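Scroll down for the structure; my scribbles are underneath it.
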Amino acid sequence: VADWYLFTTMYRFDSVYYCHFKCNLKRIVDYPNLWDFTRELYQMPGVAETCNMAEIKEHYYTSHESIHPRRYIPIGPILDFDAPHGRGRFG
């Protein structure tokens with residue numbers, strides 16, 4: 001169950017938390033094993049259908065006026081959650 005709680009943060013991190021909340025030392029994609037793990041979870045049956053990055057970005061960037069007063073929604077980053085994750089190498 002902990003993996004799924006973590007997934008929601010990892011899925012949003014590069015697109016929202018990295019910029020919006022200024023957690024910008026590194027992105028999830030800068031950690032190959034975490035990025036692979038995020039994609040593996042995303043690619044599990046039924047998961048991708050529940051993920052809507054446009055909706056998530058719209059919510060975060062327009063609902064926190066004190067953090068983001070202009071409410072601009074960034075176009076990027078462009079992340080490919082459907083790319084092969086390569087986690088099969090762990091057995």
Side-chain angles (χ1 to χ4, degrees):
V1 174
D3 292 350
W4 293 112
Y5 288 120
L6 179 60
F7 172 74
T8 60
T9 298
M10 292 189 308
Y11 179 72
R12 297 172 177 161
F13 193 89
D14 291 1
S15 294
V16 177
Y17 302 165
Y18 179 79
C19 180
H20 187 57
F21 294 119
K22 295 15 171 221
C23 301
N24 56 7
L25 184 60
K26 287 190 175 187
R27 303 162 301 159
I28 295 295
V29 297
D30 297 324
Y31 297 95
N33 290 330
L34 284 177
W35 180 226
D36 287 351
F37 182 55
T38 303
R39 291 194 321 268
E40 179 184 27
L41 293 175
Y42 178 85
Q43 292 171 22
M44 290 196 172
V47 175
E49 294 80 23
T50 69
C51 300
N52 185 333
M53 187 58 72
E55 185 177 289
I56 291 168
K57 287 169 69 172
E58 180 178 348
H59 165 74
Y60 277 97
Y61 285 100
T62 62
S63 65
H64 300 116
E65 188 174 346
S66 63
I67 297 172
H68 199 74
R70 292 196 175 112
R71 299 180 180 175
Y72 297 141
I73 301 170
I75 295 170
I78 297 171
L79 302 169
D80 186 2
F81 289 96
D82 291 312
H85 54 73
R87 300 255 311 155
R89 69 184 183 275
F90 295 118

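Quick caveat, the model's predicted, so the values are computed rather than measured.
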Side-chain heavy-atom pair L41, V47 within 4.5 angstrom cut-off = no
Nearest heavy-atom contact between S15 and Y61 is O-OH, 3.1 Å
Notebook entry, point to check: Taking C-beta and beyond as the side chain, do Y60 and I56 meet within less than 4.5 Å on heavy atoms?
Noted result: yes
**Asked** Any side-chain heavy atom of W35 sitting closer than 4.5 Å to one from F81?
**Response** yes
Sorted by chain and number, sequence neighbours left out, side chain to side chain donor-acceptor pair (under 3.5 Å) with N52 holds for none
Joining Ile, Leu, Val, Met, Phe, Trp and Tyr whenever any side-chain heavy atoms lie under 4.5 Å apart, the cluster holding V1 also takes in Y5
* Asked: L25 and F13: same hydrophobic cluster, using ILVMFWY side-chain contacts below 4.5 Å?
  -> no
By ring-ring contact (aromatic ring centres under 6.0 Å, His included), F7 pairs with (sequence neighbours left out) W4, Y11
Could you list the donor-acceptor pairs under 3.5 angstrom formed between side-chain atoms of residues 82-91 and any protein atom two or more places apart in sequence or on another chain?
residue : atom : partner : partner atom : Å
H85     : ND1  : R87     : N            : 3.0
R87     : NE   : E40     : OE1          : 2.6
R87     : NH2  : E40     : OE1          : 3.4
R89     : NH1  : D36     : OD2          : 3.3
R89     : NH1  : G86     : O            : 2.6
R89     : NH2  : N33     : OD1          : 3.2
R89     : NH2  : D36     : OD2          : 3.3

Sorted by chain and number, sequence neighbours left out, ring-ring contact (aromatic ring centres under 6.0 Å, His included) with Y31 holds for none
One should read off an interatomic distance between I28 CD1 and Y17 OH, to the nearest 0.5 angstrom, of 10.5 Å
CZ of R39 to CE of M10, rounded to nearest 0.5 Å, is 11.0 Å
Between the SG atom in C19 and the CD1 atom in I67, the distance rounded to the nearest 0.5 Å is 11.5 Å
Residues 21-32 vs salt bridge (charged side-chain N to carboxylate O under 4.0 Å, His left out), sequence neighbours excluded, gives R27-D30
The complete set of salt bridge (charged side-chain N to carboxylate O under 4.0 Å, His left out) pairs with one or both residues in residues 1-21, sequence neighbours excluded, reads none
Side chain to side chain donor-acceptor pair (under 3.5 Å) filter on H68, not counting sequence neighbours, yields none
Compile the donor-acceptor pairs under 3.5 Å between side chains in residues 69-76 and protein atoms, sequence neighbours left out, one pair per line.
residue : atom : partner : partner atom : Å
R71     : NE   : T62     : O            : 3.4
R71     : NH2  : E65     : OE1          : 2.7

